[in-house]
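Everything on this sheet refers to the single structure shown next.
By convention here, the first residue in the shown sequence is residue 1.
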Amino acid sequence: MPQPAFSLPKQWEDWTSWALGIWLLLSPWTLWFEKDATATRNALVVGLLIILAELFELSIFRGWEEWINVALGAWLVISPWALGVSNTAAQINFVVVGALVLALALHELWDMRSRASDAEPDAGS
């Protein structure tokens, strides 16, 4: 049985997702909202999940891993209202980072689909 090969992410989208996950882990202390327990917990959990999704993608790449980031990005965008986060810095952080994670994942899904359709032979040939 072939072992999955570990490789560093090659696409800029993967590196950017890693950076956004790390940013989320650091943001409660960087943006001074660490006293808001709900916002801090949200930043830590979602940041960790983004990093874990990218780690999983390194070992066994499948398209559905990007759908995890779509869900996490969408959650970040709506989380300030769903969780009742009152800190403005946390709200803006979640919406901006969520939109970026969502856009990166959708872009990568679109790119995978484009590459797959380019690789398919024409039926009329």
Would you please test Trp75 and Val46 for side chain to side chain contact (heavy atoms under 4.5 Å, CB included) and show each step? CA-CA 9 Å; Trp75 167 252; Val46 177; 3.7 Å; yes
Ring geometry between Trp12 and His107 (parallel below 30°, tilted from 30 to 60°, perpendicular above 60°): tilted
Check whether any side-chain heavy atom of Leu109 lies under 4.5 Å from a side-chain heavy atom of Trp67, and answer yes or no. yes
Would a hydrophobic clustering, with Ile, Leu, Val, Met, Phe, Trp and Tyr connected at side-chain separations under 4.5 Å, put Leu100 with Val95? no
Distance alone, cut at 3.5 Å: any donor-acceptor contact between the side chains of Glu108 and Asn69? no
pair Trp23-Val97: side-chain heavy atoms closer than 4.5 Å: yes
Scan Ile51, Ile50, Leu44 and name whichever one has a side-chain contact (heavy atoms from CB on, under 4.5 Å) with Leu24. Ile50
For the hydrophobic clusters of this structure (ILVMFWY residues joined by side-chain heavy atoms under 4.5 Å, transitively), does one cluster hold both Ile22 and Leu55? yes
Check: residues 80-90 side-chain donor-acceptor pairs under 3.5 Å, at least two apart:
from, atom 1, to, atom 2, distance (Å)
Asn87, OD1, Ala89, N, 2.9
Asn87, OD1, Ala90, N, 3.0

In the single-linkage hydrophobic clustering (I, L, V, M, F, W, Y; side-chain heavy atoms under 4.5 Å), do Leu26 and Trp18 co-cluster? yes
Does Ile78 belong to the same Ile/Leu/Val/Met/Phe/Trp/Tyr cluster as Ile92, with side-chain heavy atoms less than 4.5 Å apart forming each link? yes
Distance, nearest 0.5 Å, that separates OG of Ser79 from CG of Leu72: 10.5 Å
Verify, without hydrogens or angle tests, whether Thr40 (side chain) and Phe33 (backbone) share a donor-acceptor contact under 3.5 angstrom. yes
Pairwise distance OG1(Thr16) to CD(Glu54) - rounded to 0.5 angstrom: 9.5 Å
Atom pair CG/CG of Asn93 and Asn42 - distance to nearest 0.5 Å: 10.0 Å
Look at the side-chain heavy atoms of Ile, Leu, Val, Met, Phe, Trp and Tyr, link any pair under 4.5 Å apart, and say whether Trp110 and Met112 land in one connected group. no
Straight-line distance of Lys35 NZ to Trp29 CH2, nearest 0.5 Å: 11.5 Å
In terms of heavy-atom contacts, Leu104 and Ser17 come closest through CD1-OG, 4.0 Å
Minimum heavy-atom separation for Ala74 and Leu102, please, with both atom names. N-CD1, 4.4 Å
